[in-house]
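Everything on this sheet refers to the single structure shown next.
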Number of protein chains: 2
Amino acid sequence: MELDARKLEILYAIIEQYQETGEPVGSRTISKLERLNFSPATIRNEMADLEEMGLIVQPHTSAGRIPTDKGYRLYVDKMLAEQAQKTEEPRDLPALPMQDLLSRRIDRVEEMLLKMAQILAANTNYTTMVTGPHSRKSKLKFLQLSPMDKGRILAVVVLSGDIVKNNILSLDEEVGNDELMELNFILNKRLTGLSLEEINLSVISELKNEAGAHVEVVAKVLDAVAETFAKEDSYPVYTSGAPNIFRYPELTGGDRASELISTLEEKKTLGSAIGSLPSESGGSRQDIQVYIGDEVPVESMKDCSVVTATYSLGDGVQGKIGIIGPKRMNYQKVVETLKETMSHLDGIFLQTEE
Amino acid sequence: MELDARKLEILYAIIEQYQETGEPVGSRTISKLERLNFSPATIRNEMADLEEMGLIVQPHTSAGRIPTDKGYRLYVDKMLAEQAQKTEEPRDLPALPMQDLLSRRIDRVEEMLLKMAQILAANTNYTTMVTGPHSRKSKLKFLQLSPMDKGRILAVVVLSGDIVKNNILSLDEEVGNDELMELNFILNKRLTGLSLEEINLSVISELKNEAGAHVEVVAKVLDAVAETFAKEDSYPVYTSGAPNIFRYPELTGGDRASELISTLEEKKTLGSAIGSLPSESGGSRQDIQVYIGDEVPVESMKDCSVVTATYSLGDGVQGKIGIIGPKRMNYQKVVETLKETMSHLDGIFLQTEE
DNA sequence: GTTAGCACTCTAACCCGTCGAGTGCTAACA
DNA sequence: TGTTAGCACTCGACGGGTTAGAGTGCTAAC
């Protein structure tokens, strides 16, 4: 079966119509379009072919057609190819209010990411998630021990990408102020610039030697450092716009809504599922992936599509932004919005890193 | 109309039955209970009286009865009074797995609160929210400036209650390491132990004098301190168990589910609504409040009940824990669980503050 | 290759009768 | 006087039958 230009036109028309209404699209509706001014009967013939090719289906006999995953895939691939062509976008989308993010003093990356998730959710009417920045290649930028109370010190650990984490350490022994300064110096000297793998036994034993009496402190600090590197909770996940799923009846039937909301609340699972998706920075500079239906690696999202982008803070530190919506989401708008967001982010980092 | 003991018994029986099933309760069901072994007709007479008193209603003619807000209120007040009586609880509830929290090194209060919300949600099958600790009387414990990159320094601000916040400050001028140490010393000397109100103009101008050339740094640090004190985002709100609302059909009909989830996602609004509830630590030591239906100060929760407890980290630093469920929630269990949680918390803080 | 016509199918909406749960009322009973 | 049995009544839930409308596939004509 040949997939000629007209069939494609019809497929796209069905997809776009279905995106708007969420209702199966009939032949009459299509035949009313200017660019496809044929009689319903003709359209029906073509639709039968499209169905045979597995691009559309009928939910039941005598209903209109809706696109299949395969149909969407065709549509999306075409669109992505076209987007790659035109380097300069007409940018007729309403500009995102990202200026806020830009102009604000960006002191905590995490806060900015949450804000970004919120803006994206509000603008797209889909659900968004952002994984915090992380990296295997991430390095220790510096660490700082400060006295707090009797018996407790504050250890601040900073990784590349400005990932900051505080740890309050309770000590059994008493450590004087000067000694703490000394420890600070030693620790930074030995550890700064190292990645997690590079902090091996030999480094540790050297450190312990130098630390002299304060082995306990060193051990606890190293724990804290390890924890900062560790995925488990230095891998925050921000979500926003969860209630948007209620806009799409096909996502809220049965227990689906409950399952989706649960998945979104379980940020750890979500983060590792989405965060570990490959970021094939192969071809284009813009690294945007589209997962449709069954392609989504999360069980409860098999009725959804997910569009992800990878952002990068330099030094190999990166994270993912995901937009989660119904399979009939407006891929075009989502992809463009994400691209725009990525350039904003680049702007911010050029400015910050300088 | 007299509200005698038997009427009360019947009311309680209706409430308890309705808690289990969520279905209107008929006279036959009640008459089958051992302690109320009367004929359905007798029960019906009593029920008619209870309805006249506004304690129960029929959703429609010829349906069973369900409790009104007023009915619940009576029930809850009675229960709270009884709880206040017996000082020693039999504690037949399954123990909460709070040991994890206790045994873990508590380095970040916020993390512990989130964990607590999760445990409570999992144990009660309701939705929980916890507002982060805050206080008008909160004091600056200490602050620490450290060099990060060229032109940027890390300012760590610690308030009483171990509220820690990081701020990355971008400076126009270059500040040497020794100068930074000096600034550190000056700032801590002047500011440690002060509350937000006490950091007034005279303190600030003194500081600026002492700082000499580095007025810019001082200004930015003060900004950072103010921000840490400020409610807006040092007032985090953690929620957990949002999907639990789907267990209760009366909360998910129509757009209610969507509105509830939205409210839970808008943590700021939620936090200020719940967080600003009075914590009348008047009578009992255990400060537990129950809000039923319309008493809940959040529009989208008028079909819910909310039970709150106030926790306190000493030094006037406190926050709230809220449990959100249907009006037919198991108040008894929720109140007891909250009480247990509060004693756990007390345990943790006695240990920490020591 | 396109179109009009037609018979067919399926869903959604509606009506209607039935069933069962539950009520209120009354009259009889202890 | 409080309790109970009996009875007529009401209402929601359920199932079946009908109808209206949307949309299809097929065939024959253009």
Side-chain angles (χ1 to χ4, degrees), chain A residues 1-11 13-15 17-18 20-68 71 249-250 253-254, chain B residues 1-11 13-15 17-18 20-68 71 249-250 253-254:
Chain A
M1 180 83 52
E2 193 64 33
L3 185 61
D4 57 23
R6 198 174 71 183
K7 284 194 175 53
L8 261 185
E9 268 310 307
I10 293 176
L11 173 61
I14 291 173
I15 290 178
Q17 184 65 29
Y18 184 60
E20 279 178 34
T21 64
E23 299 285 312
V25 183
S27 53
R28 259 183 68 84
T29 316
I30 299 295
S31 80
K32 270 187 242 153
L33 295 175
E34 285 180 21
R35 56 179 173 164
L36 288 163
N37 203 1
F38 301 93
S39 83
T42 309
I43 304 291
R44 279 204 289 281
N45 286 332
E46 298 288 51
M47 280 170 133
D49 293 349
L50 285 170
E51 180 153 17
E52 204 177 320
M53 283 183 263
L55 298 171
I56 56 180
V57 281
Q58 290 177 284
H60 56 84
T61 342
S62 97
R65 297 331 207 267
I66 63 175
T68 61
E250 66 264 46
Chain B
M1 180 83 50
E2 192 64 31
L3 187 61
D4 57 24
R6 195 173 71 183
K7 284 193 174 54
L8 261 186
E9 269 308 310
I10 293 176
L11 174 62
I14 292 173
I15 290 178
Q17 185 65 28
Y18 184 61
E20 279 177 35
T21 63
E23 299 285 311
V25 184
S27 53
R28 257 182 71 83
T29 317
I30 299 295
S31 80
K32 270 187 243 155
L33 294 175
E34 286 179 22
R35 56 180 172 164
L36 287 165
N37 204 1
F38 301 94
S39 83
T42 309
I43 304 292
R44 279 204 290 281
N45 286 331
E46 299 286 51
M47 280 169 132
D49 292 349
L50 286 170
E51 181 153 14
E52 203 178 320
M53 285 184 261
L55 298 171
I56 55 179
V57 281
Q58 292 178 282
H60 55 85
T61 340
S62 97
R65 282 6 193 249
I66 63 175
T68 61
E250 66 265 43

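In the text below, chain A, chain B and the rest are named by the order of the sequence lines, each starting its count at 1.
- Between the CZ atom of Arg6(B) and the C1' atom of dT1(D) there is a distance of 12 Å, given to the nearest Å.
- Closest of all the heavy-atom pairs between Gly71(B) and Ile15(B) is O-CD1, 3.8 Å.
- Arg6(B) and Thr42(B) make their closest contact through NH2-CG2, 3.8 Å (heavy atoms, listed as atom of the first residue, atom of the second, distance).
- Atom CG of Leu55(A) and atom CD1 of Ile10(A) lie 12.0 Å apart (nearest 0.5 Å).
- Within the 4.5 Å cutoff, the side chain of Leu50(A) has heavy atoms near those of the Leu3(A) side chain.
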Between the protein and nucleotides 15-21 of chain D, list the N/O to N/O atom pairs that are separated by less than 3.5 angstrom.
none

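- Partner of Arg65(A) under the side-chain contact (heavy atoms from CB on, under 4.5 Å) criterion, chosen from Leu11(A), Ile56(A), Val57(A): Ile56(A).
- Note that CG of Asn37(A) is 12.0 Å distant from NZ of Lys32(A), once rounded to the nearest 0.5 Å.
- Rounded to a whole Å, the CZ atom of Arg65(A) is 11 Å from the P atom of dG23(D).
- Between Gln58(B) atom CD and dC11(D) atom P the separation is 10 Å, expressed in whole Å.
- Scanning residues 32-41 of chain B for heavy-atom distances under 4.0 Å to DNA chain D yields Phe38(B), Ser39(B), Ala41(B).
- Applying the salt bridge (charged side-chain N to carboxylate O under 4.0 Å, His left out) test to Glu9(A) and every residue at least two apart in sequence or in another chain returns Arg35(A).
- Residues Ser27(A) and Asn45(B) both approach DNA chain D. Their nearest nucleotides, taken by heavy-atom distance, put Asn45(B) toward the 5′ side.
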Check: residues 24-31 of chain A side-chain donor-acceptor pairs under 3.5 Å, at least two apart:
| from | atom 1 | to | atom 2 | distance (Å) |
| --- | --- | --- | --- | --- |
| Ser27(A) | OG | Arg44(A) | NH1 | 3.3 |
| Ser31(A) | OG | Arg28(A) | O | 3.0 |

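- dT4(D) atom C1' lies 15 Å from atom CZ of Arg28(B), rounded to whole Å.
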Per-nucleotide pairing state of DNA chain D [Watson-Crick or G-U, under 3.5 Å; [ ] pseudoknot-crossing; | other strand]: ||||||||||||||||||||||||||||||
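- Using modelled atom types, no side-chain atom of Glu46(B) and backbone atom of Lys7(B) make a donor-acceptor pair closer than 3.5 Å.
- Residue Thr61(B) is in sugar-phosphate contact alone, with no base atom involved, counting any heavy-atom pair closer than 4.0 Å across all strands shown.
- In the 5' to 3' direction, nucleotides of DNA chain C lying under 4.0 Å from heavy atoms of chain A begin and end at dT2(C) to dT11(C).
- Between the C1' atom of dA22(D) and the CD1 atom of Ile66(A) lies a distance of 16 Å, rounded to the nearest Å.
- Residues Thr68(A) and Glu51(A) are not in side-chain contact: their nearest non-hydrogen atoms beyond the backbone lie 4.5 Å or more apart.
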